[in-house]
Undergrad: 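Before we start, here is the structure in question, set down as structure tokens.
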Amino acid sequence: MNVSNKKRTNRSQTAPSVAQNRGTTLTEVLDRLKTREQFAAELNICSKTMKKYLQKAAFKLPKGLIKVHDQERIRQIVLGIPINSKQF
């Protein structure tokens, strides 16, 4: 078996450098990430209802916090809002 001697890095250790390269702080990046419950509350629906909408649309949501691009896609599925439309 070939074992690599590469040092494993934790994602939390690499996140600040990625955020710093884009001119944002780690807290700003983490503020945009939401749990399923937080995001469902933002949409004024129950998290179980959101799960049913996503299952019906065959949208597989990865484990963990919901990323910004996934949030936009979920808004489109649940609320029927096109991604590029402006809400007034």
Side-chain angles (χ1 to χ4, degrees):
M1 231 175 152
N2 234 348
V3 178
S4 176
N5 289 333
K6 279 188 174 181
K7 197 176 189 182
R8 291 185 181 186
T9 58
N10 189 349
R11 286 186 181 190
S12 63
Q13 293 171 346
T14 59
S17 62
V18 171
Q20 289 170 356
N21 289 341
R22 294 184 181 164
T24 58
T25 63
L26 180 59
T27 54
E28 289 172 346
V29 172
L30 292 177
D31 284 343
R32 287 186 251 146
L33 303 176
K34 297 181 177 140
T35 63
R36 286 162 172 73
E37 290 79 17
Q38 289 172 332
F39 190 64
E42 184 180 303
L43 298 175
N44 294 322
I45 60 172
C46 177
S47 60
K48 289 183 180 182
T49 304
M50 184 175 75
K51 182 178 178 180
K52 289 177 185 178
Y53 276 115
L54 298 178
Q55 285 176 341
K56 188 175 180 180
F59 182 77
K60 178 114 172 130
L61 192 59
K63 292 182 180 181
L65 297 173
I66 302 175
K67 296 173 182 66
V68 177
H69 65 274
D70 288 333
Q71 290 175 20
E72 292 299 322
R73 180 73 178 120
I74 293 169
R75 273 192 191 92
Q76 183 181 18
I77 292 169
V78 173
L79 302 176
I81 300 172
I83 292 175
N84 295 328
S85 75
K86 293 184 180 181
Q87 294 178 342
F88 294 100

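Reckoned from all heavy atoms, side chains included, excluding hydrogens, waters and symmetry mates.
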Undergrad: Would you compute the distance between atom CD1 of Ile74 and atom CG of Leu61 and round it to the nearest 0.5 angstrom?
TA: 4.5 Å
Undergrad: As an exercise, state the distance from CG of Leu79 to OH of Tyr53, rounded to the nearest 0.5 Å.
TA: 8.5 Å
Undergrad: Membership question, hydrophobic clusters at under 4.5 Å side-chain separation (ILVMFWY): are Val29 and Val68 in the same one?
TA: no
Undergrad: Can you tell if the side chain of Glu72 reaches within under 4.5 Å of the side chain of His69, non-hydrogen atoms only?
TA: no
Undergrad: Between Arg36 (side chain) and Leu65 (backbone), is there a donor-acceptor pair under 3.5 Å?
TA: no
Undergrad: For residues 40-49, which residue pairs qualify under side-chain hydrogen bond (donor to acceptor under 3.5 Å, both in side chains), counting only residues two or more places apart or in two chains?
TA: Lys34-Glu42, Glu42-Arg75
Undergrad: What residues, two or more places apart in sequence or in another chain, satisfy side-chain contact (heavy atoms from CB on, under 4.5 Å) together with Leu30?
TA: Leu26, Leu33
Undergrad: Can you see which heavy atom on Gln71 is nearest to which on Ile66, and at what distance?
TA: NE2-O, 3.0 Å
Undergrad: In Å, rounded to the nearest 0.5 Å, how long is the span from NZ of Lys60 to CG of Asp70?
TA: 12.5 Å
